[in-house]
Undergrad: 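Sharing a structure, written as structure tokens. Questions coming.
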Amino acid sequence: MTSNNILVLPGDNIGPEITSEAVKVINQVKQSFNLDVNVAYGVIGGEAIDNFGHPCPIETINLAKSSKAILLGAVGGPKWDSLELVSRPEQGLLKIRKELDFYANLRPACIFDDLSNSSSLKSEILEGLDLLIVRELVSGIYFGEPRGIFTNDAGDREGFNTYRYSEPEIRRIAKIAFKLSMQRNKKLCSVDKSNVLEVTRLWREILIDESENFPEVALTHMYVDNAAMQLISNPRQFDVIVTGNMFGDILSDISAMLTGSIGMLPSASLNSDNRGLYEPCHGSAPDIAGKGIANPLATILSVAMLFRHSLALEDAAKVIELSVKEVLSEGYRTVDIFTNSIEEKCLSTIEMGDMVIKKIKELVH
Ligand code: NAD
């Protein structure tokens, strides 16, 4: 494995449009910092179903295993909606996450000062928001067995799922959350429902136990219903939140809305070797595909996370983030974050990518 191999999986609908801007950014950073980085391409999702009969072919898994990091656009769309659940494009994502054991999903929610008016919440509640949600991604109720729908003795149909976590699964996500807290403001809030669910009582016990290895981190606990409320009423109280798969799914979408646009939110999913899958939090946006108006910034910010977490190139990550910040403060917007103010200029997907590259060139010369 070349240490800095990046596999790009563009996926469906706006996926290829946004990843091609992100690859332009990778190439610019490679040139500006004189880095040994190689980019290869693979298929996933609907495109893979159409061409290879499977949403995540074995060739893609093999390429992923020989890469340090994977950059993914988005998968899915109406074309594949009539397929059985088990053969839909989204299964490709679940497969690659599970095969490479990408158990730690990191979703930052930061407010760019210039976009604080884009959120439906008051800007004074949000100013300076810098929150990281760490979600367990490959276990919990979404994967627990047994599961299914059956007809009971009374002749009524019943659906059931199993919410389970083993101690090692909890401990490894706890460790990564504590480590990330150490790099930030040393405040970790663990979200559970330990007043009702035994599985999350175990979660809380292990978090408390693991905190002994990180005495500098202030660990608190919150029930998930309260956490949902607190994210809306006082989101700046949080630094890092750690939680299980289903609660993390819901809370990270709430935090997405704090920042105003889903087109701005990056994510990383890491395994224990720091290899990672990097992708925007949004989907494949079939309603705007091919129009050249998709916001590429979430994918470009995912590239910054890729340089930080999988390639350990913090300077490169910071330059990308700073470039995005400056482009926004100069008033450049894609249509999803455009408020029609006279200080703003609305750009296409490609123009926004070019603007970020121009800024990187200005910052690193
Ligand atoms: P979506 O995130 O694709 O779109 C929701 C809304 O946000 C749409 O109006 C869309 O135009 C807008 N939007 C999304 N990304 C944008 C961007 N970069 N720039 C500007 N506007 C953007 O969610 P959806 O409509 O519920 O799902 C569409 C498809 O994507 C479905 O097939 C779904 O299964 C799939 N999906 C994939 C992923 C993934 O690949 N990780 C995640 C979520 C949904």
Undergrad: If we ignore angles and hydrogens, is there a donor and acceptor under 3.5 Å between the side chains of Asn295 and Asp336?
TA: yes

Undergrad: Can you list the residues that meet the side-chain hydrogen bond (donor to acceptor under 3.5 Å, both in side chains) rule with Ser348, with sequence neighbours excluded?
TA: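 Ser348 satisfies side-chain hydrogen bond (donor to acceptor under 3.5 Å, both in side chains) with Glu351 once adjacent residues are dropped.
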
Undergrad: Once side-chain contact (heavy atoms from CB on, under 4.5 Å) is applied, do any residues pair with Val335, and if so which ones, sequence neighbours excluded?
TA: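 Only Ile293, Cys346 meet the side-chain contact (heavy atoms from CB on, under 4.5 Å) criterion with Val335.
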
Undergrad: Provide the closest heavy-atom pair for Pro266 versus Cys281 in the form atom of the first, atom of the second, distance.
TA: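 Closest approach of Pro266 to Cys281: O-SG, 3.5 Å.
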
Undergrad: Just grab all the side-chain hydrogen bond (donor to acceptor under 3.5 Å, both in side chains) pairs involving residues 144-155, residues at least two apart or on different chains.
TA: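 Pairs touching residues 144-155 that pass the test: Asn152-Glu158.
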
Undergrad: Hey, is NZ on Lys345 packed in by over 12 heavy atoms from elsewhere, all under 6.0 Å?
TA: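 It does: Lys345 NZ has more than 12 such atoms within range.
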
Undergrad: Is there a donor-acceptor contact under 3.5 Å linking the side chains of Ser87 and Gln91?
TA: no

Undergrad: Which residues pass the salt bridge (Lys or Arg N to Asp or Glu O under 4.0 Å) test with Asp315, sequence neighbours left out?
TA: none

Undergrad: Who pairs with Lys359 by salt bridge (Lys or Arg N to Asp or Glu O under 4.0 Å), at least two apart in sequence or on another chain?
TA: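 Lys359: salt bridge (Lys or Arg N to Asp or Glu O under 4.0 Å) contacts with Glu326, Glu330, Glu362.
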
Undergrad: Would you call Lys193 and Asp225 a salt bridge, taking side-chain N to carboxylate O under 4.0 Å as the test?
TA: yes

Undergrad: Just wondering, more than 12 heavy atoms not from Leu363 lying within 6.0 Å of its CG?
TA: yes

Undergrad: Listed by chain and number, what are the side-chain contact (heavy atoms from CB on, under 4.5 Å) partners of Asp273, not counting sequence neighbours?
TA: Asn271, Arg275

Undergrad: Could you give the distance from SG (Cys56) to CD1 (Ile61), rounded to the nearest 0.5 Å?
TA: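 Atom-to-atom, Cys56:SG and Ile61:CD1 are 3.5 Å apart.
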
Undergrad: According to side-chain contact (heavy atoms from CB on, under 4.5 Å), who are the partners of Pro146, at least two apart in sequence or on a separate chain?
TA: Phe160, Thr162

Undergrad: Hey, could you give me each pair passing ring-ring contact (aromatic ring centres under 6.0 Å, His included) that has a residue in residues 288-335? Not counting sequence neighbours.
TA: none

Undergrad: So, are Glu321 and Lys325 salt-bridged, with charged N and O less than 4.0 Å apart?
TA: no

Undergrad: Between Leu100 and Leu277, is a side-chain contact (heavy atoms from CB on, under 4.5 Å) present by the stated rule, with each step listed?
TA: CA-CA 9 Å; Leu100 281 99; Leu277 174 73; over 6 Å; no

Undergrad: Any chance you could lay out the salt bridge (charged side-chain N to carboxylate O under 4.0 Å, His left out) test for Lys318 and Glu314, step after step, and finish with the verdict?
TA: CA-CA 6 Å; Lys318 285 216 169 91; Glu314 180 65 23; 3.3 Å; yes

Undergrad: May I ask you to decide whether Lys122 forms a salt bridge with Glu124, counting only side-chain N to carboxylate O separations under 4.0 Å?
TA: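 Glu124 and Lys122: not salt-bridged.
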
Undergrad: Who are the side-chain contact (heavy atoms from CB on, under 4.5 Å) partners of Ser139, not counting sequence neighbours?
TA: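 Partners of Ser139 by the side-chain contact (heavy atoms from CB on, under 4.5 Å) criterion, ordered by chain and then number, come out as Glu136, Tyr165, Glu169.
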
Undergrad: Which side-chain N or O atoms in residues 174-183 pair as donor and acceptor under 3.5 Å with protein atoms at least two apart or in another chain?
TA:
from, atom 1, to, atom 2, distance (Å)
Lys175, NZ, Glu210, OE2, 3.0
Ser181, OG, Ala177, O, 2.7

Undergrad: Do Ser310 and Tyr278 get their side chains close enough for a donor-acceptor pair, meaning under 3.5 Å?
TA: yes

Undergrad: With rounding to the nearest 0.5 angstrom, report the CG to CZ distance, Leu188 to Phe214.
TA: 10.0 Å

Undergrad: Between the side chains of Arg201 and Asp192, is the shortest nitrogen-to-carboxylate-oxygen separation below 4.0 Å, so that they form an ion pair?
TA: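 Not counted as a salt bridge, because no side-chain N and carboxylate O are separated by less than 4.0 Å.
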
Undergrad: According to side-chain hydrogen bond (donor to acceptor under 3.5 Å, both in side chains), does anything in residues 9-20 pair up with another residue at least two apart or in another chain? List the pairs.
TA: Asn13-Ser284

Undergrad: Out of curiosity, Leu251 CG to Leu131 CG, how far, rounded to the nearest 0.5 Å?
TA: 9.5 Å

Undergrad: Rounded to the nearest 0.5 Å, what separates atom CZ in Arg184 from atom CG in Asp239?
TA: 4.5 Å

Undergrad: Establish, from distance only, whether the side-chain atoms of Thr299 and Glu21 form a donor-acceptor pair under 3.5 Å.
TA: no

Undergrad: Under 3.5 Å, is there a donor on one side chain and an acceptor on the other for Gln230 and Asn226?
TA: yes

Undergrad: How long is the gap from CD1 on Ile44 to CG on Leu72, to the nearest 0.5 Å?
TA: 5.5 Å

Undergrad: About how many Å separate CG of Leu121 and CD1 of Ile111, when rounded to the nearest 0.5 Å?
TA: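 The CG atom of Leu121 is 8.5 Å from CD1 of Ile111, to the nearest 0.5 Å.
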
Undergrad: So that I can tick it off, tell me whether Lys30 and Asp36 are bridged by a salt bridge, with the cut-off set at under 4.0 angstrom between side-chain N and carboxylate O.
TA: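 Lys30 and Asp36: not salt-bridged.
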
Undergrad: Does atom CZ of Arg164 have more than 12 heavy-atom neighbours from other groups under 6.0 Å away?
TA: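 Atom CZ in Arg164 is not crowded, with 12 or fewer foreign heavy atoms closer than 6.0 Å.
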
Undergrad: Which heavy atom of Phe247 sits nearest a heavy atom of Val191, and at what distance?
TA: CD1-O, 4.3 Å

Undergrad: Looking only at heavy atoms, which two atoms of Ser190 and Trp203 are closest? And how far apart?
TA: OG-NE1, 2.9 Å

Undergrad: Indicate the atoms forming the closest heavy-atom contact of Ile49 with Pro89, along with that distance.
TA: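 Heavy atoms of Ile49 and Pro89 come nearest at CD1-N, 3.7 Å.
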
Undergrad: Tell me the closest heavy-atom pair linking Gly248 and Arg135, and the distance in Å.
TA: C-CD, 3.6 Å

Undergrad: May I ask you to say whether Asp253 pairs ionically with Arg107, meaning some side-chain N is under 4.0 Å from a carboxylate O?
TA: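 A salt bridge links Asp253 with Arg107.
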
Undergrad: With side-chain contact (heavy atoms from CB on, under 4.5 Å) as the criterion, how do Asp354 and Lys24 come out once you've worked through the C-alpha distance, each side chain's angles and the decisive distance to 0.1 Å?
TA: CA-CA 8 Å; Asp354 289 342; Lys24 274 161 51 181; 2.8 Å; yes

Undergrad: Determine which pairs satisfy ring-ring contact (aromatic ring centres under 6.0 Å, His included) with at least one residue from residues 12-61, sequence neighbours left out, and list them in order.
TA: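 Listed once each, the pairs would be none.
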
